[in-house]
Amino acid sequence: MKNAAFTLVILAFLGGAYLTSLDENDVNWLFFIPLMIIGFVSAFLYIRESNRAAFHSDTLQNNREIMSTSLDNIVTRLDALEGRKDRVPTYDMRFEIDRLFRDDLMQFADARNSMKHLFGIQRFADIMSSFAAGERYINRIWSASTDGYVDEVLLYVSKANAQFKHAQELFDSAQKQASA
């Protein structure tokens with residue numbers, strides 16, 4: 001159902017684009033309006049089916065575990081990196097960032113919407129605020145490494161570590177409250 005709805009959204013968009021390109025001054029409304037209705041209804045169905053899957057308890061529990069493991073890995077690896085940050089050559093730090101954090105950052109980001117259902121929107125916002133700040137700092141480390149800014153690389157490793165530790169504290173607190 002989800003794939004069929006997505007396909008209909010694409011076809012409705014392409015059909016509407018085609019109809020509007022036939023004549024620059026006139027649109028064939030007899031065909032255009034039904035295509036747009038099909039597109040909007042299909043988009044609604046797609047969103048509804050996506051949310052239904054996200055609410056499933058197995059998905060929620062699996063995503064909770066993924067997020068917890070990812071945050072633990074990020075914090076552990078940032079602690080280790082902070083202990084040796086002055087021994088990693090500045091231009092190589094970007095490769096270390098990619099090697100150490102890419103997978104966990106992507107896994108957490110893919111599972112993050114489950115937090116809304118697990119912990120509520122406010123806790124989701126609090127956790128994601130700290131997580132996003134830490135992620136921005138990681139990106140800043142990568143950019144500073146590329147540009148050769150030694151002091152900035154060293155500074156932002158510590159800042160990223162503090163942000164991810166804060167995100168982990170908020171996540172752990174939310175898990176405890178949700179379990180109680």
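Counting from 1, the numbers follow the sequence of the chain as shown. Keep in mind it's a predicted model, so treat the numbers as computed, not measured.
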J.: Distance-only, no hydrogens or angles: does the Ser42 side chain make a donor-acceptor pair with backbone N or O of Ile38 under 3.5 Å?
T.: yes
J.: Are Phe171 and Phe119 close enough that their ring centres sit under 6.0 Å apart?
T.: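 Yes; Phe119 has its ring centre under 6.0 Å from that of Phe171.
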J.: Do side-chain atoms of Ser21 reach the backbone of Tyr18 as a donor and acceptor pair under 3.5 angstrom?
T.: yes
J.: Give the intermediate values and the outcome of side chain to side chain contact (heavy atoms under 4.5 Å, CB included) for residues Leu71 and Phe108.
T.: CA-CA 7 Å; Leu71 265 178; Phe108 188 92; 3.7 Å; yes
J.: Relative to each other, are the rings of Phe164 and Phe131 parallel, tilted or perpendicular (30° and 60° limits)?
T.: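 Judged by the thresholds at 30° and 60°, the geometry between Phe164 and Phe131 is perpendicular.
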J.: Under 4.5 Å between side-chain heavy atoms, hopping through other hydrophobics if needed: is there a path connecting Trp29 to Leu19?
T.: yes
J.: Do Asn161 and Val157 have side chains that approach each other closer than 4.5 Å (heavy atoms only, starting at C-beta)?
T.: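 A side-chain contact under 4.5 Å is absent here.
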J.: Just so I know, are the side chains of Trp142 and Asp98 near enough to count as touching, which here means a heavy-atom distance under 4.5 Å?
T.: yes
J.: Give the intermediate values and the outcome of salt bridge (charged side-chain N to carboxylate O under 4.0 Å, His left out) for residues Glu96 and Arg77.
T.: CA-CA 10 Å; Glu96 280 294 292; Arg77 290 174 182 157; over 6 Å; no
J.: Spell out, as yes or no, whether a donor-acceptor pair under 3.5 Å connects the side chain of Thr76 to the backbone of Asp72.
T.: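 Between the backbone of Asp72 and the side chain of Thr76 there is a qualifying donor-acceptor contact (under 3.5 Å).
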J.: Would a hydrophobic clustering, with Ile, Leu, Val, Met, Phe, Trp and Tyr connected at side-chain separations under 4.5 Å, put Leu100 with Leu154?
T.: no
J.: For Asn139 and Glu135, does a side-chain donor sit closer than 3.5 Å to a side-chain acceptor?
T.: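 Looking only at side-chain atoms, Glu135 and Asn139 do not form any donor-acceptor pair under 3.5 Å.
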J.: Ser173 side chain to Glu169 main-chain N or O, any donor-acceptor pair under 3.5 Å?
T.: no
J.: Please tell me if the side chains of Leu22 and Asn28 come closer than 4.5 Å, counting only heavy atoms from C-beta onward.
T.: no
J.: For Asn25, is there any backbone N or O sitting under 3.5 Å from a side-chain donor or acceptor partner on Asp23?
T.: yes
J.: In plain terms, say whether Lys159 and Glu82 are close enough for a salt bridge, that is, a side-chain N and a carboxylate O under 4.0 Å apart.
T.: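 Salt bridge flag = no for Glu82 with Lys159.
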J.: Any heavy-atom pair between the side chains of Phe13 and Leu35 that's under 4.5 Å?
T.: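 No, side chains not in contact.
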J.: Would you check if there is a donor-acceptor pair between the side chains of Ser130 and Lys165 at a distance under 3.5 Å?
T.: no
